[in-house]
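Chain A is the first sequence line, chain B the second, and so forth, proteins listed ahead of strands; every chain is numbered from 1.
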There are 2 protein chains.
Amino acid sequence: MSERDDAPHDFSRAVLQPVSGYQAVAGFLRREMALGRIRPGDRLPPERRLAEQLGVSRETLRQALRILEGSGQIVISRGASGGAIVQDAALDPRLIREEVRTRSAEIGELTEFRSIVESGGAALAASRRSDADLEAMALAQRDLAAAVTKAESRIADTDFHIALAEASGNSFVRDAVEEARVRMFEPVDLMSFDFVKESSWAAHEQILDAVRRGDGEAADAAMRAHLRTTREEFTRVVES
Amino acid sequence: MSERDDAPHDFSRAVLQPVSGYQAVAGFLRREMALGRIRPGDRLPPERRLAEQLGVSRETLRQALRILEGSGQIVISRGASGGAIVQDAALDPRLIREEVRTRSAEIGELTEFRSIVESGGAALAASRRSDADLEAMALAQRDLAAAVTKAESRIADTDFHIALAEASGNSFVRDAVEEARVRMFEPVDLMSFDFVKESSWAAHEQILDAVRRGDGEAADAAMRAHLRTTREEFTRVVES
DNA sequence: GCTAATGGGCTAGAAAGTAGACCATTAGCC
DNA sequence: GGCTAATGGTCTACTTTCTAGCCCATTAGC
């Protein structure tokens with residue numbers, strides 16, 4: 001075995017910060033929003049029901065809702081058919097550009113990581129996809145084509161990538177894709193880029209076609225090309 | 001946009017279980033052991049110091065130590081130069097085989113995921129590795145060659161894969177490799193397989209050689225071949 | 001105007017974590 | 001043998017967080 005330091009272990013950098021219940025709940029809901037499983041206009045279940053589903057007390061859930069309310073992600077109203085309505089957070093483009101610039105190193109690494117995982121996932125999907133998988137991807141493509149707002153484009157884009165990851169049949173691939181996506185979009189809450197909708201749609205179409213044909217190598221290459229374009233788009237934003 | 005269900009969201013399956021502080025600390029320490037950053041024979045820092053480094057109170061840390069003590073991973077003694085000594089958990093091979101059989105589906109997916117991420121990481125490492133990276137990998141190889149016990153082999157193997165992931169220069173790749181490794185080895189604490197030491201060493205050598213030459217494609221292919229062998233080894237264990 | 005559904009708010013208590021003090025044990029040195 | 005320092009063992013008082021349960025306030029629809 002290699003020479004081990006006799007110096008005592010140093011875990012000073014291992015922060016291990018405690019996440020209180022209400023923070024965990026707020027984080028969970030934000031994540032669901034970032035992944036588009038909860039979308040602008042949706043109404044959350046009543047507090048009592050949601051609290052039970054999440055396995056926390058109502059007070060804890062309410063603290064989480066206060067956080068989301070504070071950041072403008074939900075609006076809460078009282079009375080019958082009241083409740084928490086998810087908002088469409090239309091961020092100032094200047095804020096987004098600033099955010100991308102601040103996190104440019106992280107976003108670059110993230111895109112590189114996505115390229116590895118998603119191209120591998122696409123190759124797997126080419127040999128495993130079911131008809132339902134293909135239909136889910138095709139639906140996301142139709143949504144992307146029909147998207148008008150930036151938020152709609154982003155959601156349809158997410159749907160496509162998640163559906164593809166799901167089609168890979170590997171739960172670790174799917175989780176990694178989800179996690180990377182959350183890391184990319186969650187921090188600024190619905191951050192979106194001036195990505196060219198048409199070019200994304202065309203790239204997805206190529207990927208989908210390769211997956212449909214069962215051509216793993218082509219699917220792999222198409223996904224890599226797609227995310228290379230994405231990365232170049234980020235660079236463009238940072239330098240603009 | 002696609003037709004959204006009007007039915008209320010259902011988060012019943014989102015368990016979101018609270019992780020208390022002592023569980024988080026115990027998990028952290030187990031993780032460090034699984035990754036070989038804490039090794040059999042090592043002595044943990046004194047409670048007061050470790051608690052401060054981890055940012056928890058001493059009582060909380062002590063509860064975590066009780067858990068590790070209970071599972072036989074550490075032995076605690078009192079007095080000057082006392083403390084917690086990490087144990088070498090030599091598991092019964094029958095238990096290991098049973099564990100692998102129970103988790104065979106998960107381990108299969110995990111190895112597939114590793115193959116994707118680590119081959120991509122190897123390709124990156126080929127173009128980015130520093131001399132220090134190469135030296136770390138070479139050291140792990142020397143350790144593997146010199147390993148006598150199973151635990152030593154496993155640690156040297158981990159060292160190699162982590163050093164390679166580090167050399168990729170992508171922190172998400174490194175984290176994913178660590179995480180996959182923990183998932184593979186942590187649950188049964190130092191689970192190890194009857195993997196052929198020599199074949200692993202030879203495979204590593206091929207990877208290292210490709211990384212040294214800066215040949216990304218070869219590094220990618222060599223890593224995929226290596227993990228294919230690993231997977232076949234698992235299959236063999238399951239079927240034996 | 002009644003009713004039901006919904007969020008708002010309060011209290012009492014349990015559970016977990018913290019901070020600090022002091023005790024018990026042990027190795028090493030004189 | 002005894003002293004000292006380092007270490008784990010134990011206890012208490014306090015704070016924060018979470019829970020459970022109850023009732024109030026508001027509102028849409030009949």
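Between the OH atom of Y22(A) and the P atom of dA16(C) there is a distance of 18 Å, given to the nearest Å. The CD-P distance, from Q63(B) to dG17(C), rounds to 6 Å in whole Å. Between I67(A) atom CD1 and dT17(D) atom C1' the separation is 13 Å, expressed in whole Å. One atom, CG of L50(A), and another, P of dT19(D), lie 13 Å apart when rounded to the nearest Å. Summarising the geometry, the separation between CD on Q23(B) and P on dA15(C) is reported as 15 Å, rounded to the nearest angstrom. Computed from coordinates, the E52(B) CD to dG17(C) C1' distance equals 17 Å when rounded to whole Å.
Put simply, T60(A) has a side-chain N or O that comes within less than 4.0 Å of OP1 or OP2 on dT19(D).
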Between protein and nucleic acid, restricted to nucleotides 4-10 of chain C and to nitrogen or oxygen atoms under 3.5 Å apart, what atom pairs and distances do you find?
from, atom 1, to, atom 2, distance (Å)
dA5(C), N3, A80(A), N, 3.3
dG7(C), OP2, E47(A), N, 3.0
dG7(C), N7, R48(A), NH1, 3.2
dG7(C), O6, R48(A), NH2, 3.4
dG7(C), N2, R78(A), NH2, 3.3
dG8(C), OP2, R62(A), NH1, 2.7
dG8(C), OP2, R66(A), NH2, 3.0
dG8(C), N7, R58(A), NH2, 2.9
dG8(C), O6, R48(A), NH2, 3.4
dG8(C), O6, R58(A), NH1, 3.3
dC10(C), N4, E59(A), OE2, 2.7

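The aromatic rings of F172(B) and F113(A) sit tilted relative to each other, their planes meeting at an angle between 30° and 60°. Under the 30°/60° scheme for interplanar angles, the aromatic rings of H161(A) and H204(A) are found to stand perpendicular.
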Notebook entry, point to check: For DNA chain D, what is the dot-bracket line, given that a base pair needs Watson-Crick (N1 to N3, plus N6-O4 or O6-N4) or G-U wobble (N1-O2 and O6-N3) geometry with both distances under 3.5 Å, and | means paired with another strand?
Noted result: ||||||||||||||||||||||||||||||
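Under 4.0 Å is where a charged nitrogen must lie from a carboxylate oxygen, and between E109(A) and R231(A) no such pair does. Between E52(B) and R49(B) there is no salt bridge, since no side-chain nitrogen of the basic residue lies less than 4.0 Å from a carboxylate oxygen of the acidic one.
Pairs passing the salt bridge (Lys or Arg N to Asp or Glu O under 4.0 Å) check and including a residue from residues 164-173 of chain B, sequence neighbours excluded, read E166(B)-R174(B).
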Next item on the list: Decide side chain to side chain contact (heavy atoms under 4.5 Å, CB included) for I85(A) and D42(A); before the verdict, give the C-alpha distance in whole Å, the side-chain angles of both, and the deciding distance to 0.1 Å.
Entry: CA-CA 6 Å; I85(A) 305 292; D42(A) 287 359; over 6 Å; no
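R30(B) and S71(B) are linked by a side-chain donor-acceptor pair at a separation below 3.5 angstrom, with hydrogens and angles left out of the test.
Considering CD1 of I155(A) and CG of L144(A), their distance stands at 11.5 Å, rounded to 0.5 Å.
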